[in-house]
There are 2 protein chains.
Amino acid sequence: MDMREIAKLAGVSSATVSRVINGSSLVRPETVERVRKVIDEVKFFPNNSATTLKYGRSGTYGLIIPDITNPFFPEFIKSFEGIVVENDQEMLMATTDFHSGRMQQSIRRMLIRKVDGVALLASEIETEPFEDLIQNRVPLVTMDRGHIGNGLSDVAINNKSGMDQALRHLKDLRHKKIGYIGGFAGLTISDHRVEAFMRALKRVDIVPRPEFIKVGNYRITGGMTAMTELLSLKDRPTAVLAANDLTAIGGMRAAMKMGFSIPGDLSIIGFDDIDMSDIVHPPLTTLRLSRHELAKVFFDALEHLKSKPHAQGEQLSVKTSLIVRESTGPAPKRSV
Amino acid sequence: MDMREIAKLAGVSSATVSRVINGSSLVRPETVERVRKVIDEVKFFPNNSATTLKYGRSGTYGLIIPDITNPFFPEFIKSFEGIVVENDQEMLMATTDFHSGRMQQSIRRMLIRKVDGVALLASEIETEPFEDLIQNRVPLVTMDRGHIGNGLSDVAINNKSGMDQALRHLKDLRHKKIGYIGGFAGLTISDHRVEAFMRALKRVDIVPRPEFIKVGNYRITGGMTAMTELLSLKDRPTAVLAANDLTAIGGMRAAMKMGFSIPGDLSIIGFDDIDMSDIVHPPLTTLRLSRHELAKVFFDALEHLKSKPHAQGEQLSVKTSLIVRESTGPAPKRSV
DNA sequence: GTGAAAGCGCTAACAA
DNA sequence: TTGTTAGCGCTTTCAC
């Protein structure tokens with residue numbers, strides 16, 4: 001069933017059918033109606049691959065994420081898919097599992113499928129693999145890489161204001177020994193967050209202590225391991241910031257397992273505000289990063305790049321804000 | 001950059017390039033090498049839409065799910081994507097949000113994109129909307145609908161053995177008053193599970209009590225509401241089964257808020273065994289449904305249907321098994 | 001073992 | 001306002 005068939009049934013040419021489907025205004029209303037009727041009757045739907053072939057564009061945005069199992073991402077995907085579909089486009093999702101081979105593969109999938117742009121929320125590798133995207137003039141929007149270029153925009157997570165709020169909050173609670181559990185070492189996004197933490201620490205006049213900085217893996221397990229190390233120190237922190245909520249939740253689990261009470265002995269602050277954060281016990285104080293806002297920023301940035309193919313990208317940013325729940329409290333009088 | 005260009009650079013015809021790319025054995029090894037070299041040099045990748053147009057097949061499987069925010073699904077998607085990509089195919093995901101409009105739209109997206117088959121894990125509506133899929137001869141594999149047909153297979157979740165294990169477990173713990181919190185009313189998949197529950201109850205010689213059956217929404221909120229109602233009964237259950245883990249977790253939260261201890265006053269059993277189940281407090285006893293196994297069954301069923309286009313589908317099934325953790329314990333001596 | 005050419009379904013320039 | 005037609009990039013039959 002193709003447009004020629006519809007054309008025959010409606011007694012017009014396939015060009016007219018095409019015009020009707022694409023809402024061209026130069027078709028006589030009666031003709032439009034006649035064609036519409038046939039389309040409905042035979043439940044015709046156009047073949048996207050022909051259009052894609054013709055245009056060299058698929059009406060699809062690619063989305064590459066590291067780990068769909070981290071609740072942050074489904075919440076993001078949901079918003080992103082909603083926005084994309086609302087705008088009559090399609091989403092092609094790929095997961096890298098923090099693995100650079102999978103990343104390469106994902107990018108190839110995007111290229112082959114002729115996506116109109118890629119939202120890249122993964123960060124395992126630096127610049128190398130997504131150069132193929134740039135070279136093929138596929139608009140690209142990255143997260144927290146701090147690099148822009150032709151057809152390349154970046155969305156920074158504004159750690160600064162959030163971190164400041166978090167540390168101010170802890171300082172108000174009289175915490176002085178504050179630890180940090182990051183993501184993987186070597187990822188720009190992780191590094192940014194660590195650096196933001198160090199700088200924010202100085203802003204509230206606390207001297208960073210290297211032994212209080214640990215790496216995790218953005219998952220519960222990493223949080224557990226890192227927290228266990230942190231709490232095994234003779235002189236241990238009384239408060240810990242985590243690179244994401246999962247890490248923080250893992251940290252809470254480990255701390256509680258070791259007999260520490262939260263927030264009595266130890267305060268913990270997460271990052272993201274996934275739904276789960278409000279459900280764990282105690283509910284997690286965290287830096288909220290709105291998934292919906294983030295999705296919108298990515299989408300708009302992609303559209304912008306698509307509309308001006310060779311233009312310089314923009315450095316965008318989204319804010320985080322502190323949500324105080326019950327995992328933070330006054331610093332203990334003395335270390336337990 | 002297309003095959004003709006590669007052909008020119010390698011001094012062959014585009015037909016030969018095509019043959020090389022598709023691994024045809026009728027090309028002289030030296031020619032293959034020459035072409036390969038050019039391909040690598042210019043980083044050529046074929047345009048999928050041309051192939052799709054030619055074949056009428058996109059090498060893509062559609063996946064329709066209700067709610068990506070339920071941790072069960074990301075875990076499934078991850079496995080499914082892995083299997084699909086391993087087999088050089090693509091996955092096109094759509095979310096319905098338990099909304100039949102979104103379902104229609106999702107199916108249309110699949111049709112337009114010429115998917116080779118659809119895995120349908122959503123269940124809001126009955127048969128109507130996916131008839132378009134059948135009519136267009138798109139293989140379809142559904143979950144727990146109990147209907148098969150030409151090009152239509154179904155994967156049943158074998159509730160029977162799992163439910164029996166769950167109820168046997170509760171009976172051993174001396175529970176007699178057992179409640180159930182289902183999914184939405186009116187969804188076949190929910191109804192199946194309720195019925196399975198009722199039958200299993202009889203098998204352990206317990207008379208079902210209508211007031212002990214509540215509906216939820218497959219989310220935490222639904223579990224909370226339903227549990228609150230259940231525990232407000234004068235004569236309340238001492239154990240509750242939930243249609244999924246999220247519901248069970250919501251139920252635990254509500255019960256604890258109302259001052260009941262788990263499992264002291266109330267035992268709870270979930271369904272799915274999402275990662276979170278092991279992390280909540282107390283860790284949830286649940287009926288595990290392996291996401292990876294499920295994904296594999298769906299994929300294989302799809303491949304099978306694709307290979308024999310007009311053949312009758314199969315009724316498949318996957319098993320569930322009871323994972324005992326700490327949310328179940330002996331029935332209280334008397335109601336609190 | 002390799003090449004020429006037709007055709008998949010759609011769109012847009014051009015013609016009428 | 002509508003129709004004719006070329007061509008997007010690939011595969012495959014048929015010729016050589």
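Heavy-atom basis, side chains included; hydrogens, waters and symmetry copies ignored.
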Touch class at under 4.0 angstrom, heavy-atom based, for A/Thr31 against every strand present: sugar-phosphate
Test applied, side-chain hydrogen bond (donor to acceptor under 3.5 Å, both in side chains); reference residue, A/Ser79; option that passes from A/Glu293, A/His292, A/Arg291, A/Lys296: A/His292
B/Glu33, CD atom: more than 12 neighbouring heavy atoms under 6.0 Å: no
All N/O donor-acceptor pairs, side-chain side in residues 19-27 of chain A, below 3.5 Å, sequence neighbours left out:
from	atom 1	to	atom 2	distance (Å)
A/Asn22	ND2	A/Ser18	O	2.8
A/Asn22	ND2	A/Ser18	OG	3.4
A/Ser24	OG	A/Leu26	N	3.2

Base versus backbone protein contacts along nucleotides 8-16 of chain C [heavy-atom cut-off under 4.0 Å; B, S, -]: BBBBB----
Spacing between A/Ile112 atom CD1 and D/dG9 atom C1', to the nearest angstrom: 14 Å
Whole-Å distance separating the NZ atom of B/Lys8 from the P atom of D/dG9: 12 Å
Contacts table for residues 62-70 of chain A: side-chain donor-acceptor under 3.5 angstrom, sequence neighbours left out:
from	atom 1	to	atom 2	distance (Å)
A/Asp67	OD1	A/Thr69	N	3.0
A/Asp67	OD2	A/Arg219	NE	3.4
A/Asn70	OD1	A/Phe72	N	2.9

Donor-acceptor under 3.5 Å (B/Asp154 side chain, B/Gln315 main chain): no
Intermediate values then yes/no, ring pair (Phe, Tyr, Trp, His ring centres under 6.0 Å), A/Phe80 and A/Phe298: CA-CA 8 Å; A/Phe80 193 77; A/Phe298 266 90; 7.3 Å; no
B/Thr16 vs C/dG3: side-chain N/O to OP1/OP2 distance below 4.0 Å: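 For B/Thr16, the contact criterion (side-chain N or O under 4.0 Å from OP1 or OP2 of C/dG3) is met.
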